[in-house]
Amino acid sequence: MYSFFQKAILQWYFKTKRDLPWRTTTDPYSILVSEIMLQQTQVDRVIPKYLEFLKQFPNKETLAHSSPAEVLKYWKGLGFNKRALRLQEVCKTIVQKRNGVFPNTEKELLELKGIGSYTASAICSFSYNQDVVVLDTNIRRVFHRIFLGNKQEQNETLTKELKLLAEKILPHGQSRDWHNALMDLGATICTAQTPKCTQCPAQTFCSFTQIFEKASNEEKDKLLSLTRIKNKQGTFKDSNRYYRGRILDYLREHENVHLKILEKEFKKKYNKDINLILLDLEKDKLITLTPETISLPKN
Ligand code: SF4
């Protein structure tokens with residue numbers, strides 16, 4: 001028996017749900033791929049890359065047995081390239097140490113290096129439909145606004161409070177639909193910048209909307225910032241992350257590049273010394289360096 005709140009959210013979801021390719025499968029490997037890609041990358045950018053990646057690496061075995069260089073080539077355009085190697089490591093561990101059996105509990109998933117608590121919960125919900133709580137940025141914001149209104153808390157206390165609330169409100173046996181619904185709500189209606197309260201299925205239950213509607217424009221900005229997760233990243237252009245991406249892009253196109261040529265290329269194009277960035281990339285196992293050459297890792 002669902003509460004009015006659960007019913008309102010689920011009915012809205014069944015009418016309006018987004019058509020996303022990882023929602024047409026319950027295969028844990030495909031869900032894992034989508035979840036790792038979606039970390040720090042927008043849905044629109046992930047969709048074509050997800051489809052292309054699964055075409056090339058249709059299962060954990062294919063991915064585990066490919067060279068890191070090949071995996072990195074298919075990760076092009078997604079950024080945060082360490083994720084690609086992390087994903088491959090997880091699949092290697094499952095194939096080599098677990099006889100290819102994909103874990104199906106949060107506890108076992110968390111034992112895999114490279115899977116954090118959010119990803120473990122997402123796999124348990126979206127693949128196995130288990131009654132576990134999934135709290136991503138969107139769901140956190142939606143719950144914060146609906147149940148805590150403009151309440152301010154330390155991050156850790158807030159997470160604990162939201163988790164307890166989320167456990168209480170989770171409709172048993174509907175974890176997959178429920179979390180998809182909340183994610184859609186956060187992505188399309190209760191957005192970080194402009195909540196569309198009049199279109200929201202949760203409006204009658206929401207503590208935030210009552211305060212928000214009466215607030216002045218200045219107060220509205222302050223209220224929105226309370227429920228927004230702070231972005232700690234600086235400007236992307238000209239950051240080390242930017243140059244790491246450009247170096248990897250170059251290596252995707254050129255095999256075994258002479259170090260001097262690459263250094264010259266970056267000096268000319270960006271007026272940038274890349275020695276320290278190369279060492280950093282090597283430390284992260286994203287490139288292989290010899291005294292003279294640089295390439296994507298072959299194994
Ligand atoms: S009513 Fe407004 S603030 Fe509340 S959950 Fe819906 S969109 Fe968000």
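Not measured: the values here are computed from a predicted model.
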*Measure the CZ-SG distance between F205 and C200 for me, rounded to the nearest 0.5 Å.*
10.0 Å
*Go through the structure and list residues passing side-chain hydrogen bond (donor to acceptor under 3.5 Å, both in side chains) with D177, not counting sequence neighbours.*
Q174
*4.5 Å side-chain heavy-atom contact, L224 and P195*: yes
*Of the non-hydrogen atoms in L51 and P21, which two are nearest, and what is the gap between them?*
CD2-CB, 3.8 Å
*Is a side-chain donor or acceptor of T41 paired with a backbone partner of L38 at a separation under 3.5 angstrom?*
no
*What do you reckon, is CD of E167 surrounded by more than 12 foreign heavy atoms closer than 6.0 Å?*
yes
*Would you indicate whether the side-chain heavy atoms of Y13 and N180 approach each other to under 4.5 Å?*
yes
*For the pair L158 and K151, evaluate side-chain contact (heavy atoms from CB on, under 4.5 Å) and give the outcome as yes or no after the intermediate values.*
CA-CA 9 Å; L158 183 68; K151 191 172 171 185; over 6 Å; no
*Could you tell me whether a side-chain N or O of Q11 sits under 3.5 Å from a main-chain N or O of A8, the two making a donor and an acceptor?*
no
*asked:* Tell me whether the rings of F266 and Y270 are parallel (<30°), tilted (30 to 60°) or perpendicular (>60°).
replied: tilted
_Between the side chains of R241 and D280, is the shortest nitrogen-to-carboxylate-oxygen separation below 4.0 Å, so that they form an ion pair?_
no
*What are the two closest heavy atoms between M37 and V46, and how far apart are they?*
O-CG2, 3.6 Å
*Is the backbone N or O of C206 less than 3.5 Å from a side-chain atom of Q210, with the two atoms forming a donor-acceptor pair by type?*
yes
*Is there a donor-acceptor contact under 3.5 Å from the side chain of K285 to the main chain of P297?*
no
*Can you get from V90 to V101 by hopping between Ile, Leu, Val, Met, Phe, Trp and Tyr side chains that sit under 4.5 Å apart?*
no
*asked:* Between Q199 and T188, does the side-chain contact (heavy atoms from CB on, under 4.5 Å) criterion hold? Intermediate values first, please.
replied: CA-CA 10 Å; Q199 298 169 39; T188 63; over 6 Å; no
*NZ or CZ of R246 within 45° of Y242 ring axis and under 6.0 Å*: yes
*Side-chain ion pair, E219 and K214, N-O less than 4.0 Å*: no
*Over all heavy atoms of both residues, which pair between W12 and A181 is shortest? Give the atoms and the distance, please.*
CZ3-O, 3.6 Å
*Would you check if P58 and T62 make a side-chain contact, meaning some heavy-atom pair closer than 4.5 Å?*
yes
*Tell me, do V43 and R18 make a side-chain contact under 4.5 Å, heavy atoms counted?*
yes
*asked:* Given the ring of F212, does K220 sit roughly above its face, with NZ or CZ under 6.0 Å from the centre of the six-membered ring and within 45° of the axis?
replied: yes
*Is any side-chain heavy atom of L185 less than 4.5 Å from a side-chain heavy atom of I139?*
no
*In Å and rounded to the nearest 0.5 Å, what is the CG to CG distance from L296 to L281?*
10.0 Å
*asked:* If you count heavy atoms of other groups shown closer than 6.0 angstrom to NZ of K163, is the number above 12?
replied: no
*asked:* Aromatic contact between W22 and F126, with the criterion being ring centroids under 6.0 Å apart: yes or no?
replied: no
*Is there a donor-acceptor pair closer than 3.5 Å between any side-chain N or O of N138 and the backbone N or O of L182?*
no
_Any side-chain donor near an acceptor of the partner, T227 and R145, under 3.5 Å_ = yes
*E70 and Q56 side chains, donor-acceptor separation under 3.5 Å*: yes
*Minimum heavy-atom separation for C124 to N104, with atom names?*
SG-O, 4.4 Å
*Step through it carefully: locate the ring centre of Y29, locate the ring centre of F102, and say whether they are under 6.0 Å apart.*
no
_Rounded distance (nearest 0.5 Å) linking atom CG of L251 with atom CG of L262_ = 6.0 Å
*asked:* Can you tell me how the ring of F53 sits relative to the ring of F57, calling it parallel under 30°, perpendicular over 60° and tilted otherwise?
replied: tilted
_Any donor-acceptor N/O pair, H254 side chain to D249 backbone, under 3.5 Å_ = no
*asked:* Please determine whether side-chain hydrogen bond (donor to acceptor under 3.5 Å, both in side chains) holds for the pair R176 and S127, giving the CA-CA distance in whole Å, both sets of side-chain angles, and the decisive distance to 0.1 Å.
replied: CA-CA 8 Å; R176 185 183 296 125; S127 183; over 6 Å; no
*Would you indicate whether K17, at its atom NZ, is surrounded by more than 12 heavy atoms from other residues, nucleotides or ligands within a distance under 6.0 Å?*
yes
*Counting only heavy atoms not in K196, do more than 12 sit closer than 6.0 Å to its NZ atom?*
yes
*Can you check salt bridge (Lys or Arg N to Asp or Glu O under 4.0 Å) on K49 and E52, steps first, answer last?*
CA-CA 5 Å; K49 297 305 298 181; E52 194 190 338; 3.4 Å; yes
_Lys/Arg N to Asp/Glu carboxylate O, E61 vs K92, below 4.0 Å_ = no
*If every non-hydrogen atom of S34 is compared with every non-hydrogen atom of Y50, which pair is closest and at what distance?*
CB-CE1, 3.7 Å
*With distance as the sole criterion, is a donor-acceptor pair present between the side chains of R86 and Q39 under 3.5 Å?*
yes
*Can R244 and N81 be counted as having a side-chain donor-acceptor contact under 3.5 angstrom?*
no
*Is I146 reachable from L164 through a run of I, L, V, M, F, W or Y residues, each pair having side-chain heavy atoms under 4.5 Å apart?*
no
*Should E282 and L279 be marked as a side-chain contact (heavy atoms from CB on, under 4.5 Å) after you check the CA-CA gap, both sets of side-chain angles, and the distance that decides it?*
CA-CA 5 Å; E282 189 194 28; L279 292 177; 4.3 Å; yes
*Does T93 reach the main-chain N or O of E89 with its side chain, forming a donor-acceptor pair under 3.5 Å?*
yes
_Any side-chain donor near an acceptor of the partner, E35 and Y118, under 3.5 Å_ = yes
*Hey, mind stepping through E253 and K76 against salt bridge (Lys or Arg N to Asp or Glu O under 4.0 Å) and telling me if it holds?*
CA-CA 11 Å; E253 303 295 329; K76 185 175 179 195; 3.7 Å; yes
*Between I169 and F143, is any pair of side-chain heavy atoms under 4.5 Å apart?*
yes
_Backbone N/O of F80 and side chain of Q40: donor-acceptor pair under 3.5 Å_ = no
*Separation of K60 NZ from L32 CG (nearest 0.5 Å)*: 11.0 Å
*Locate the shortest heavy-atom distance separating L278 from I287; write the atom from each residue and the value.*
O-CD1, 3.4 Å
_Donor-acceptor pair, side chain of S125 and main chain of S121, under 3.5 angstrom_ = no
*In plain terms, say whether K269 and E265 are close enough for a salt bridge, that is, a side-chain N and a carboxylate O under 4.0 Å apart.*
no
*According to the side-chain hydrogen bond (donor to acceptor under 3.5 Å, both in side chains) rule, which pairs have a member within residues 288-299, sequence neighbours left out?*
T290-T293
_Polar side-chain atom of N129 near backbone of S175 as donor-acceptor pair, under 3.5 Å_ = yes
*What do the steps show when you test D27 against N59 for side-chain contact (heavy atoms from CB on, under 4.5 Å), and what is the final call?*
CA-CA 9 Å; D27 167 43; N59 49 51; over 6 Å; no
*Find out whether S67 and L72 are in side-chain contact, i.e. whether some heavy atom of one side chain is under 4.5 Å from a heavy atom of the other.*
no
_4.5 Å side-chain heavy-atom contact, L112 and R98_ = yes
